[in-house]
Structures are given as C-alpha cells and as structure tokens.
Amino acid sequence: QSNLPKEFSEKYLITKKIGAGVCGEVKLAFERATCKKVAVKTINKKDFPASLGTATQNAEREIQILQKIDHPCLIKTEDFFQTDDSYYIVLELMEGGELFDRVKSKNQIEESIAKLYFYQMLKAVEYLHNNGIIHRDLKPENVLLSSQDDVCVIKITDFNQSKILEESALMRTLCGTPTYLAPEVFTDAVTVGYSRAVDAWSLGVVLFVCLAGYPPFHPNAQTGLSVRDQITQGIYTFIPSKWDGISDDAKDVVKRLLVVDPNARLTIEEALHHPWLMDEAMKETAECIMYPKDSGDATAADATADSVDATVASTTKRSREN
Ligand SMILES: C/C(=N\NC(=N)N)c1ccc(NC(=O)c2cc3cccc([N+](=O)[O-])c3[nH]2)cc1
C-alpha cells in the first residue's frame, strides 16, 4: 500500500484484507484519531480497461450516489480518497460479511430470518427508487451483514452498475398539450419507465437463493436450456426437498417477482404489502435494528417519517422515470 495518498495514510492505518471483490478489495483499517475500525474498499480505475472515460464517469457517478444516499440498509461512506489509478472508499465495518457467504455456510437461511433480510432489502430499494436510483446489480455478494448474528441489519452496496433516472424528453412531451402528438407516443409511453423493475426481479432471485440454497436459473438445470433461455422464459423449479418446509406465502412472493413481463411483475411497493411481509413481529424487529438509538415513540416517529417520505416521493417517482 505504498501508493496510498499521504493524507489517507496519515488518517488511517490499513491492516488486513477482509474481503476481495471482483474489482478491487476490502481491507480493515483503523482511524488513527479514534481507533475506530472501518472498512476500506479499493476500486482500481485500471480495472475498466476499455474506454477510461466512461469508467471514470461510472466511478464518479457511483461516488456521487454513495455520498448522497442515507438509509439504514444502504452502505454509508465515511471518507473518500483517490489517486490517478485508484479510488479508496472508507465505509462502515460490516462484520457479518457478505450475504453470499452466509447463505453458503448455512446452505438455507431460516424463513423468518430470510424474511427479515428481504424486508430490509425492499426498504432499501424502495428508498433508492424513490430517489430516482436503480441499483441494477442486486445479488448476495452486494448485500452485507452488520454482524455474525442471524438477527442483524443488512446493507446494500456496490453502485457500480447503478443508473440515475432523469426527467426525459418523453416526460416533458407528455406534460404538454398533445394537439399534434401521434397516438403511438402514448401507447409507447405505457411500457417506458419500468427499468426499475429489474431490481424487483433480482430481489426475487436473491430471496429464492436465501430460502432454497440454490439459484432458480443455473447451468445444469434439468430443462437442458441455457441460463439465458431459462430466464427469458421464466423457467425454474421449486425442488420439493428444499421447499417443502417453506410457507406458501414465501413461494408466492418469489413467483410474483420472477415474472418475465416487467409490467406484470410485483413492484417493490406491492412486495412490501404482500401477505408474507404482513408480519408485525418481523417489522418491529426490523425497525428496532434499523433505527436502534431512539426510544419506542421516536422509532414510531421515524417509521412514520419514513413512510411519509416514501409516499410523497413515490407520488413524484413516475414523473422522474425516463
Ligand atoms: C462501493 C463498493 N463497490 N463498488 C464497486 N465495486 N464499484 C463496495 C463493494 C463491497 C464492499 N464490501 C464491504 O464493505 C465488505 C465486504 C466484507 C467482507 C467481510 C467482512 C467485511 N467487514 O466489513 O467486516 C466486509 N465489508 C464495500 C463497498
């Protein structure tokens, strides 16, 4: 780590590697002034060999997103440095590591725990969508756990593939008087604006993997179809030995998320209102660990505030959709 920016190594003491991602690695570090433990993610700019331009824009956009987002289930950046070949992002420590490794070690995650994690993922993605951000790379590797305990906070990370929804020319057109507007502009408009539905599909796959311990779409499926064809045809199997002990409600959420037609797929909001998530005990636990410091009433206030934000933002969400 000789090529660390000077002001970085003055502020942090980097120790060991704690996770290796596909682009860059994660190390444990100590903030010298406070001895506080943090994680440092190094993103090597040269890992995007192609046109460096877009890679730099890509990374700049990710840094912008990382610094703007503020939700208990989205990773928080504490500091940020860059050299001409790398970015160094200082993040909160997530000692439970990646959900990917948790599922691998447990094989299948107990339904009530999978529900607690899934609820938090839905709340995080609801926040992103209400702020005009689509993650586009939701997978167990990008879901971090705050501790080794089953009951813990999860945080979504890695916004490398994320997209920011801007007001589009089509939206401006649809706001004007359509005197001279051709009919197909209206009919085309119906299907535009569902790019966010990709996150709902991905969460369906993540939930399937957590509950069953195997992915719905995989190379050696009995169907003899390529993974791509399994996905485009929405063909997957609930293997009885894996799914017998799992509730019909849980299966139903998966079925309604793994719908090929994005317009027919459950939205994040609809998933949050599915019977499987109508579980007050789970939600109380979730609110408690997501907003730990407040007393009961303040937590309720937080939750109300959250739902107000979500409602207000969601009424304006479609207007931002491109
Ligand atoms: C921002 C980002 N990726 N962005 C990108 N690839 N372009 C990003 C990706 C991954 C992480 N991962 C971690 O913070 C992370 C992984 C891990 C594994 C065991 C233990 C810990 N930990 O903090 O104790 C871990 N933290 C953090 C940030």
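For ligands, and for the atoms within them, numbers begin at 1 and follow the listed sequence.
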V103 reachable from Y214 in the ILVMFWY side-chain graph, under 4.5 Å edges = yes

Indicate whether any N or O donor in one side chain lies under 3.5 Å from an N or O acceptor in the other, for N220 and H218.
-> yes

With heavy atoms of E95 as the reference, note each atom of ligand 1 found under 4.0 Å away.
-> 24 (O)

So if you build clusters from Ile, Leu, Val, Met, Phe, Trp, Tyr with side-chain heavy-atom gaps below 4.5 Å, do L211 and F100 land together?
-> no

F208 ring center near W243 ring center (under 6.0 Å) | yes

Looking only at side chains, do E110 and S112 share a donor and an acceptor under 3.5 Å apart?
-> yes

Is any NZ, NE, NH1 or NH2 atom of the basic residue among E78 and K36 found under 4.0 Å from an Asp or Glu carboxylate oxygen of the other?
-> yes

Tell me which part of I18 gets within contact of ligand 1: side chain, backbone, both or neither, using heavy atoms under 4.0 Å.
-> both

Does any N/O atom on M94 come nearer than 3.5 Å to any N/O atom on ligand 1?
-> yes

Measure the shortest side-chain to side-chain distance between Y194 and R265 over non-hydrogen atoms and say whether it is less than 4.5 angstrom.
-> no

If you measure from each non-hydrogen atom of L144 to ligand 1, which part falls under 4.0 Å: side chain, backbone, both or neither?
-> side chain

So does K11 pair up with E7, basic N to acidic O under 4.0 Å?
-> no

Close-contact set for ligand 1 against G97 heavy atoms, below 4.0 Å | 18 (C), 19 (C), 20 (C)

Would you mind telling me if ligand 1 is within reach of the side chain of D158, the backbone, both or neither, using heavy atoms under 4.0 Å?
-> both

What do you reckon, does K41 have a nitrogen or oxygen under 3.5 Å from a nitrogen or oxygen of ligand 1?
-> no

T157 N/O to ligand 1 N/O under 3.5 Å | no

Evaluating non-hydrogen atoms only, which member of V26, L91, N142, I156 is closest to atom 15 (C) of ligand 1?
-> V26

Where does L93 meet ligand 1, judged by heavy-atom distances below 4.0 Å: at the side chain, the backbone, both, or neither?
-> both

Using a strict 4.0 Å cut-off to heavy atoms of I43, name the atoms of ligand 1 that fall inside it.
-> 4 (N), 5 (C), 7 (N)

